[in-house]
Protein chains: 2
Amino acid sequence: MDLPPLQQEFVLHFGEMGSRWGINRTVGQIYALLFITDRPLNADDIVQALGVSRSNVSMGLKELQAWNLVQHRHLPDDRRDYFTTPEDLWEIVRILVEERKKREIDPTLSKLRSLEMQSPDRPQDHYAHGRISELRELIELLTGWYGDMKQLETDRLVQLLTLGAKIQKVVAATDKIVTLPRRTKLQTDSDKA
Amino acid sequence: MDLPPLQQEFVLHFGEMGSRWGINRTVGQIYALLFITDRPLNADDIVQALGVSRSNVSMGLKELQAWNLVQHRHLPDDRRDYFTTPEDLWEIVRILVEERKKREIDPTLSKLRSLEMQSPDRPQDHYAHGRISELRELIELLTGWYGDMKQLETDRLVQLLTLGAKIQKVVAATDKIVTLPRRTKLQTDSDKA
DNA sequence: CCGAATTTTCAGTTATTTCTGAAAATAGTG
DNA sequence: CACTATTTTCAGAAATAACTGAAAATTCGG
């Protein structure tokens, strides 16, 4: 690998982290490299920086493009493809979450719903059925919330995140003023009590 | 695999999903099985249900224990170890997030901070330095928010999630009343404008 | 402390994923 | 359309991860 120390350590770290998230090491490294580099890079720049094969880079870029995680550029008087990451970190977060949802959450929700439909309530499936419903409800609650949050402009989102727990007081204060939607059926501590 | 259809399909699905998240398929299957089963299971029950080797189950359970994801039980007049998942789904979510944070986010934060320290501002590192700071700030904001949220009782949390985007109106309404903490340095749309 | 029941470990095997070089495909230029 | 630059594909090699059976370790009742 042919990179200055700061960049190298960064790239290696995200290569490692990537592999814990089911992302292959090289793909993680390519992304990290694009992320900390000031200008668009072409495939050969990446080959040189990371010391992996040209074909590996090609496959890695293809993967990143499938995830919408890199932007494609062309420089004047240069036929080669150049790549960058979005400047805006929040944009990156949004894309990551959105793609992950599309690939993992949505199919899981379909599967859970289909499982609830089929198998018309055999007694030995009772418990499993219940757990599947609970899980589906939980995921629906979380994805519903996410759907709301993703509409927000970055400014508002940062504001909410910064508020943190204080939000609770705001809500508590306005509890009786604002009309709350009906509660879900998810079991909560107070249900048990 | 020796399971009724509903259970089998559920278990297979989460085995698959697991592998996309860097969790090995068998571990995912074991957890899914414990999750939809009404009673604690011992290792041999799992061997029988999933059709994998005893040693594989032993290693899988060890992994799940390291992640705090299973509860350990003993039944009277039985020396074998029995395992279950928490009844409360929210508890499972909390554990998952907490462990993931411990293993992935916290080390990443340390790494980013250490990178910011070292390499005393060589000009060619300027951009990388900036990106690293931005990323660190973003992660700090998110983990700070998470730290706040995890304090909340399930009830309150569900309430907030259910409010969803409406929360924004509440905040907007009380914007001038509640004292907001200082804004972070993360770039936002309005900074650019 | 002995022996049976149970769990864990681990070296070797198998399966899966990643990576490479070479060849094929594609795209741009004159 | 031919030529060159560039990217993509893909079969096989290399690396990694998962899985197994057998043996070792542990636990517990007597």
Side-chain angles (χ1 to χ4, degrees), chain A residues 1-2 11-12 14-34 40-67 69-84 103, chain B residues 1-2 11-12 14-34 40-67 69-84 103:
Chain A
M1 188 173 301
D2 176 22
V11 161
L12 289 176
F14 281 90
E16 274 318 303
M17 277 307 158
S19 44
R20 296 209 200 168
W21 280 76
I23 290 156
N24 111 26
R25 193 153 20 84
T26 305
V27 172
Q29 291 183 355
I30 293 174
Y31 198 76
L33 176 65
L34 295 175
L41 297 180
N42 64 45
D44 284 317
D45 294 335
I46 299 170
V47 166
Q48 155 108 69
L50 302 184
V52 297
S53 75
R54 183 50 233 267
S55 49
N56 198 358
V57 169
S58 178
M59 290 187 299
L61 287 170
K62 192 179 161 199
E63 177 98 6
L64 287 171
Q65 284 174 289
W67 278 79
L69 278 170
V70 289
Q71 294 172 345
H72 205 217
R73 293 267 184 83
H74 273 119
L75 298 188
D77 298 328
D78 192 334
R79 279 161 65 164
R80 289 169 292 179
D81 293 331
Y82 283 78
F83 298 90
T84 50
R103 284 153 210 258
Chain B
M1 188 173 302
D2 176 22
V11 161
L12 289 177
F14 281 91
E16 275 318 302
M17 277 305 158
S19 43
R20 296 208 199 169
W21 280 75
I23 288 156
N24 110 27
R25 191 152 23 84
T26 306
V27 172
Q29 290 183 356
I30 293 174
Y31 198 77
L33 176 65
L34 295 175
L41 298 180
N42 65 44
D44 285 316
D45 294 334
I46 298 171
V47 166
Q48 155 108 69
L50 303 184
V52 296
S53 74
R54 184 51 234 268
S55 48
N56 199 358
V57 169
S58 178
M59 291 186 297
L61 286 170
K62 193 180 160 198
E63 176 98 7
L64 287 170
Q65 284 175 289
W67 278 78
L69 279 170
V70 290
Q71 293 172 345
H72 205 214
R73 293 268 183 82
H74 274 118
L75 299 187
D77 299 329
D78 192 333
R79 279 163 63 166
R80 290 169 293 179
D81 293 330
Y82 284 79
F83 299 90
T84 50
R103 284 153 210 256

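Residue numbers begin at 1 in each chain, while the letters A, B, ... track the order of the sequences.
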I want to check one thing: is the phosphate of C:dC19, taken as OP1 and OP2, less than 4.0 Å away from some side-chain N or O of A:Asn24? yes
So how far is it from B:Arg54 CZ to B:Ile46 CD1, rounded to the nearest 0.5 Å? 8.5 Å
Checking side chain to side chain contact (heavy atoms under 4.5 Å, CB included) for the pair A:Glu63/A:Asn24: CA distance, chi angles, key distance, verdict? CA-CA 10 Å; A:Glu63 177 98 6; A:Asn24 111 26; over 6 Å; no
Over how many whole Å does the gap from B:Asp81 atom CG to C:dT6 atom C1' extend? 8 Å
Among the nucleotides C:dC19, D:dG21, D:dT7, whichever has the atom closest to the side chain of A:Ser53 is C:dC19
Angle, rounded to 10°, between the helical axes spanning five pairs at each terminus of the helix from C:dC1-D:dG30 to C:dG30-D:dC1? 30°
My understanding is that only residues two or more places apart in sequence, or in another chain, count here; which of them pass ring-ring contact (aromatic ring centres under 6.0 Å, His included) with A:Tyr31? none
Short N/O separations, protein against nucleotides 25-30 of chain D, under 3.5 angstrom:
unit_1, atom_1, unit_2, atom_2, d
D:dT27, O2, B:Arg79, NH2, 2.6

Any residue of residues 56-66 of chain B with a heavy atom less than 4.0 Å from an atom of DNA chain D: B:Asn56, B:Met59
What's the shortest heavy-atom distance between B:Pro40 and B:Arg73, and which atoms? CG-NH1, 3.5 Å
What pair of heavy atoms forms the shortest contact from A:Met1 to A:Gln29, and how long is it? CE-OE1, 3.9 Å
Output the rounded distance in Å from CD (A:Glu16) to P (D:dA15). 16 Å
Name the nucleic acid region contacted by B:Asp44, choosing base, sugar-phosphate or nothing; use a 4.0 angstrom heavy-atom cut-off, strictly under. nothing
Ignoring hydrogens, what is the shortest heavy-atom contact between A:Asn56 and A:Val52? Give both atom names and the distance. ND2-CB, 4.0 Å
In Å, rounded to the nearest 0.5 Å, how long is the span from CG of A:Asp81 to CG of A:Leu41? 12.5 Å
OP1 or OP2 of C:dT7 under 4.0 Å from side-chain N/O of B:Arg54: yes
Roughly, in whole Å, what's the span from CD1 in A:Ile30 to P in C:dT18? 13 Å
Could you state the atom-to-atom distance from CD of B:Gln29 to P of D:dA18 in whole Å? 13 Å
Can you list everything that forms a ring-ring contact (aromatic ring centres under 6.0 Å, His included) with A:His72? Sequence neighbours excluded, please. A:His74, A:Phe83
Taking all non-hydrogen atoms of both residues into account, name the closest pair between A:Val70 and A:Leu34 and its distance. CG1-CD1, 3.6 Å
Rounded distance in Å - CD1 (A:Ile23) to C1' (C:dT17): 15 Å
Of A:Arg25 and A:Asp78, the one whose nearest nucleotide on DNA chain D sits closer to the 5' end is A:Asp78
Rounded distance (Å) that lies between atom C1' of C:dA5 and atom CG of B:Asp77: 15 Å
Any side-chain N or O of A:Thr26 under 4.0 Å from OP1/OP2 of C:dC19? yes
Whole-Å distance, A:Asn42 CG to C:dA27 C1', equals 16 Å
Mapping B:Gly22 and A:Arg80 onto DNA chain D by nearest heavy atom, which one lands closer to the 5' end? A:Arg80
What residues form a ring-ring contact (aromatic ring centres under 6.0 Å, His included) with A:Phe14, not counting sequence neighbours? A:Phe10
Rounded to the nearest 0.5 Å, how far does CG of B:Leu61 lie from CD of B:Gln65? 6.5 Å
Output the rounded distance in Å from CZ (B:Phe83) to P (C:dT6). 14 Å
Tell me which one of A:Val27, A:Leu33, A:Thr26 satisfies side chain to side chain contact (heavy atoms under 4.5 Å, CB included) with A:Ile30. A:Thr26
